Amino acid sequence: MKSPLASLLWRSLRVYQVFGANTDVGKTIFTTLLTRTAKKLWKDEQVTFLKPVSTGAVDDADDRYDCPFLHISRFAPGVARNTLYQYDIPCSPHSAAIASGRPIPSDDELLAKCRAFATQCATKQGWLFMETAGGVHSPGPSGKTQADLYIPLRAPSLLVGDSRLGGISQTISAFESLRIRGYDVESVLLFKDDTYENYQYLEEYFRKQYGIPVTSLLEPPQKHENPEKDAEAMEKYYDRNDSTEITGQVLKTLDINHQNRLTNLDTMATRASEHIWYPFTQQSLVGPKDIMTIDSAHGDYFQTLAPPSPQTSPETPVLRSSFDASASWWTQGLGHSNPKLTMAAAYAAGRYGHVMFASAVHQPAMALAETLLNGMKNPRLKRVFYSDNGSTGTEVAIKMGLRAARKRYGWDTSQKLGILGLKGAYHGDTIGAMDCAEPGIYNEKIEWYEGKGYWLDYPTILCKDGKWCVSVADGLQGSFGPGGAFGSLSEIFDVEKREANGEQAMYEEYITSTLRRLKDQGRKFGALMLEPIILGAGGMEFVDPLFQRTLVKTVRKSPHLFGESSLSATEAQDPNEWAGLPVVFDEVFTGLYRLGRFTPSSFLGVHPDISVHAKLLTGGLVPLCTTLASENIFKIFLSPDKTDALLHGHSYTAHPIGCQVALESVKEMQDMEDRGEWAWAKSQGWTQASSSQIDVWSTWPRGFVEDLSRQTDKVSGVWALGSVLAIHLRDEAGSGYSSNAALGLRESLGLGRADGEGGPWNVHSRVLGNVLYVMASQVTSDTSVKQLSELLMEGIAGKKQ
């Protein structure tokens, strides 16, 4: 099984990728000059040329430009050279690949071959120049343009500009295409054309705009009809002192840049430990060796600085691929450096920058609001309020809910209102959101914290020893019964069938009696706030969906347990009017396909009055949050008095970049669902043995999850749903956030694999006390899941990596 692809960086090898602003701009001539000069200046080092994809018949080549391999062979003696894929037809690589009749290599195959070749080169000190085909956006064999194709290699690049008519625009456009995708273009090279003198403009442009040097050389001689005379003329051109001197200066700068990059990576963790204050971190326990240095990221993987070891040598890869198992704090959905999201952000930045949103509107905000409301399929939700992150989004939701309840029940502002929620639930780190959580490790030492609410116990779901169980805490056995086992997750999620069997009765009795007791105590509440299905920061607890469904339905039919309602007869007949308490769903973590569906509320078969969305909303690229609300709640804030308005916002409310990126992210995930791109995951046994055929599935194979749960000496239970896998480790001292039971498994995953075709790789994961969770993205491949599953099972079993 191929290992994930690590970027190209070694201490022994300077790797540079050569792009062209267009076809026929002189890439091969410049690459020849670079390799020849490198061979002269670094006599004892190996200099290598690689053409990953080349088109045009070698037999018909005249050695000048038609075949870079032959050209390098003739004019750069002593330079090692290779071509990975050669197609005889002189056209775009994707067309040539189709016409060849040979199997078309996948992007992964092509990149893996590039890395394998570079790895061989790294065994010796030297240089490697990789020349692309055609222009920056010329397609590779698969049809993906080269600008997107080569992103994972993350090789610093040289851009050969266009000195012809129109070349200024072509060169700048090519540069911007590379830069916007995260390439480090370290130099622009082009010929001096006396007619257009593009080099003069470009030298000033790149110096002023980007501080990037532009190197210009005299044009090569006109092509001679006689091949031998033409070769002689080219040899003289390459032997010119000025060409060698100028190219030598470029190489020396590239060599310095390579060393500076290594020094920066080597020292960054130490500098960070001296100057950066980290979130959710006790920094007295963290030193430079504990800080992960990230060089770049692509897809599901960070490219991180590999830790030194006794076996480290100059040819040891500097970087390794680290699977982003926390999905970068739950935000990552469409992969790091996703070109579609990058372009969406650039488009909005170019069109708008940032514009204020009070009493204004712009297309990205309008389109996103309509897309979310349509996607939710919730007849209650009609309004969208924008904020910056999940924590402030939940504060907005609570402001909405409390105001609605206070007005309906006639409470004055002096009466304290709380929220109803679940034990362990956590809704954010701002003071208002923090007050919606019960006292715990996150808030116990926060001076302003005042927990305002009541938090109910609940039954949880875990796979234990191969069986899917509803687990009940010891103290609640009398309230909920002893729990029970189910044949599959589909059966657990068939809440209507379970209701028909009367399973909700014990839940309803517990909830009702609790609400009566709270009313008798004089407690008043303004909202019911739930994380549907999964409690995230509270310990990755999987709540029985029937319990949450019953809780919502019981609250809605029990307004008498909260106060004297002022609801009119007309309002009471409105099926979309909130009842009992406004129901708020915090979908910041669980929403937007995290659990396999657009909204987890569909699992429960109940619609919230308010819902909060962030994290996957923008695919992890920029912060943004939306709080969706019903028209009934919106109208509560309407009056001639401005102080009755929802006076909440921030300077970057509905910033166009975030809205445009979110729109692209949400639509792409919807399209993935329509295209059936998760069919492979759904076929992993999740609905087998279930007569209900409820659409419940996970990226993680059911067999693997159940096998993991059978490691009963170390595992107390496991669950998987959508892209999330949570492993609850046994801890005789007790579970919870302060437990260290999961640290050993985390360290095992962190060791990963030291070798492989794609280079070294590991898993960067986080723990919540005794729970280690691994989160795939919505674009994770089945190959990656198999690799991770193998590593996880070995870690649980205690096998050495």
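Only heavy atoms go into these numbers, but all of them, side chains included; no hydrogens, no water, no symmetry mates. Just so it is clear, the model here is predicted, and its values are computed rather than measured.
For the residue pair His613 / Ser611, a side-chain donor-acceptor distance below 3.5 Å is found, with atom types taken as modelled. Of the N and O atoms on the side chains of Ser777 and Asp300, at least one donor lies less than 3.5 Å from an acceptor on the other residue. Side chains of Tyr347 and Gln660: a donor-acceptor N/O pair is absent below 3.5 angstrom, by distance only. Side chain to side chain, Ser602 and Arg597 meet the donor-acceptor criterion of an N or O pair below 3.5 Å.
Judged by distance alone, the side chain of Lys615 and the main-chain N or O of Trp329 form a donor-acceptor pair under 3.5 Å. Without hydrogens or angle criteria, Thr618 side chain to Val661 main chain gives no donor-acceptor distance under 3.5 Å. Remark: the backbone N or O of Ser391 is not paired with any side-chain donor or acceptor of Asp429 at under 3.5 angstrom. Using modelled atom types, one side-chain atom of Glu438 and one backbone atom of Gly424 make a donor-acceptor pair closer than 3.5 Å. Using modelled atom types, no side-chain atom of Glu450 and backbone atom of Asp435 make a donor-acceptor pair closer than 3.5 Å. Of the possible polar contacts, one joining the Ser337 side chain to the Ala297 backbone as a donor-acceptor pair under 3.5 Å is found. Looking at Ser698, its side chain does come within 3.5 Å of a backbone N or O of Gly722 through a donor-acceptor pair. For the pair Gln303 (side chain) and Ser7 (backbone), a donor-acceptor distance under 3.5 Å is present. Judged purely by atom type and a 3.5 angstrom limit, Tyr386 uses its side chain to pair as donor or acceptor with the backbone of Ala365. Ser748 places no side-chain N or O within donor-acceptor distance of the main-chain N or O of Arg746, the cut-off being under 3.5 Å.
Within the 4.5 Å cutoff, no side-chain heavy atoms of Asn762 are placed close to those of Leu751. Met672 has its side chain within reach of Leu334: a pair of non-hydrogen atoms, C-beta onward, lies under 4.5 Å apart. Here the side chains of Leu772 and Leu792 are in contact, with some heavy-atom distance below 4.5 Å. Residues Gln548 and Leu422 meet the side-chain proximity criterion, which asks for heavy atoms closer than 4.5 Å. At a threshold of 4.5 Å between non-hydrogen side-chain atoms, the residues Glu794 and Glu790 count as touching. Within the 4.5 Å cutoff, the side chain of Thr371 has heavy atoms near those of the Gln670 side chain. Counting heavy atoms from C-beta outward, Tyr301 and Pro152 have side chains that stay 4.5 Å or more apart. Counting only heavy atoms from C-beta outward, the side chains of Ile446 and Ile431 approach each other to under 4.5 Å.
Atom OH of Tyr454 has more than 12 neighbouring heavy atoms from other residues, nucleotides or ligands inside a 6.0 Å radius. Other residues, nucleotides and ligands contribute more than 12 heavy atoms inside 6.0 Å of the NZ atom of Lys423.
Annotation: salt bridge (Lys or Arg N to Asp or Glu O under 4.0 Å) contacts involving residues 319-348, sequence neighbours excluded, comprise Lys340-Glu668.
Rounding to the nearest 0.5 Å places CZ of Arg154 at 11.0 Å from CZ of Arg181. The CD1 atom of Ile291 sits 5.0 Å away from the OG atom of Ser273 when rounded to the nearest 0.5 Å. Atom CD1 of Ile610 sits about 12.0 Å away from atom CG of Asp586, to the nearest 0.5 Å. From Trp761, atom CH2 reaches atom CG of Leu791 across 4.5 Å, with rounding to the nearest 0.5 Å. The CG atom of Leu462 sits 7.0 Å away from atom CD of Glu541, with the distance rounded to the nearest 0.5 Å. Rounding to the nearest 0.5 Å places CG of Leu551 at 7.5 Å from CG of Leu420.
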Could you go step by step and tell me if Val584 and Ile419 meet the side-chain contact (heavy atoms from CB on, under 4.5 Å) rule?
CA-CA 10 Å; Val584 178; Ile419 64 109; over 6 Å; no

Where do Leu372 and Leu617 land on the side-chain contact (heavy atoms from CB on, under 4.5 Å) test, with the steps shown first?
CA-CA 10 Å; Leu372 288 174; Leu617 181 63; 4.1 Å; yes

Given the rule in the side-chain contact (heavy atoms from CB on, under 4.5 Å) test, do Phe486 and Asp494 qualify, once you have shown the distances and angles that lead to the verdict?
CA-CA 11 Å; Phe486 290 78; Asp494 194 348; over 6 Å; no

Please report the C-alpha distance between Ser326 and Tyr773 in whole Å, then the side-chain angles of each, then the deciding distance to 0.1 Å, and finally whether the side-chain contact (heavy atoms from CB on, under 4.5 Å) criterion is met.
CA-CA 7 Å; Ser326 70; Tyr773 65 89; 3.7 Å; yes

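Taking the six-membered ring where tryptophan is involved, the planes of Phe547 and Tyr458 are tilted, since the angle between them lies from 30° to 60°. Between Phe704 and Trp700, the angle of the ring planes lies from 30° to 60°, which puts this pair in the tilted group. Below 30°, between 30° and 60°, or above 60°: for Phe302 and His336 the angle between ring planes is between 30° and 60°, a tilted geometry.
Nearest approach of Gly539 to His728, heavy atoms of both residues: O-CE1, 3.8 Å. The two atoms that bring Arg380 and Pro608 nearest to each other are CD-O, 3.7 Å, heavy atoms only. In this structure, Leu489 and Ile461 approach most closely via the heavy-atom pair CD2-CG2, 4.3 Å. Closest of all the heavy-atom pairs between Leu721 and Ile533 is CD2-CG2, 3.8 Å. Of all heavy-atom pairs between Ile534 and Glu531, the closest is O-CB, 3.4 Å. Shown here for Leu319 and Pro760, the closest heavy-atom pair between the two residues is O-CG, 3.7 Å.
Looking at Val495, Asn378, Val583, Val552 one by one, the single match for side chain to side chain contact (heavy atoms under 4.5 Å, CB included) with Val606 turns out to be Val552.
Under the side chain to side chain donor-acceptor pair (under 3.5 Å) criterion, Asp388 pairs with Thr392, not counting sequence neighbours. Partners of Thr590 under the side chain to side chain donor-acceptor pair (under 3.5 Å) rule, at least two apart in sequence or in another chain, do not exist in this structure. With sequence neighbours left out, Ala349 forms a side-chain contact (heavy atoms from CB on, under 4.5 Å) with Ile657. For the side-chain contact (heavy atoms from CB on, under 4.5 Å) test, residues two or more places apart in sequence or in another chain that qualify with Ser723 are Arg594, Thr699, Met775, Ala776, Gln778. The side chain to side chain donor-acceptor pair (under 3.5 Å) test applied to Glu677 returns Arg675, not counting sequence neighbours.
Two rings, from Phe585 and His607, have their centers 6.0 Å or more apart. Proximity of the aromatic rings of Trp686 and Phe493 is defined here by a centroid distance below 6.0 angstrom, and this criterion is not met.
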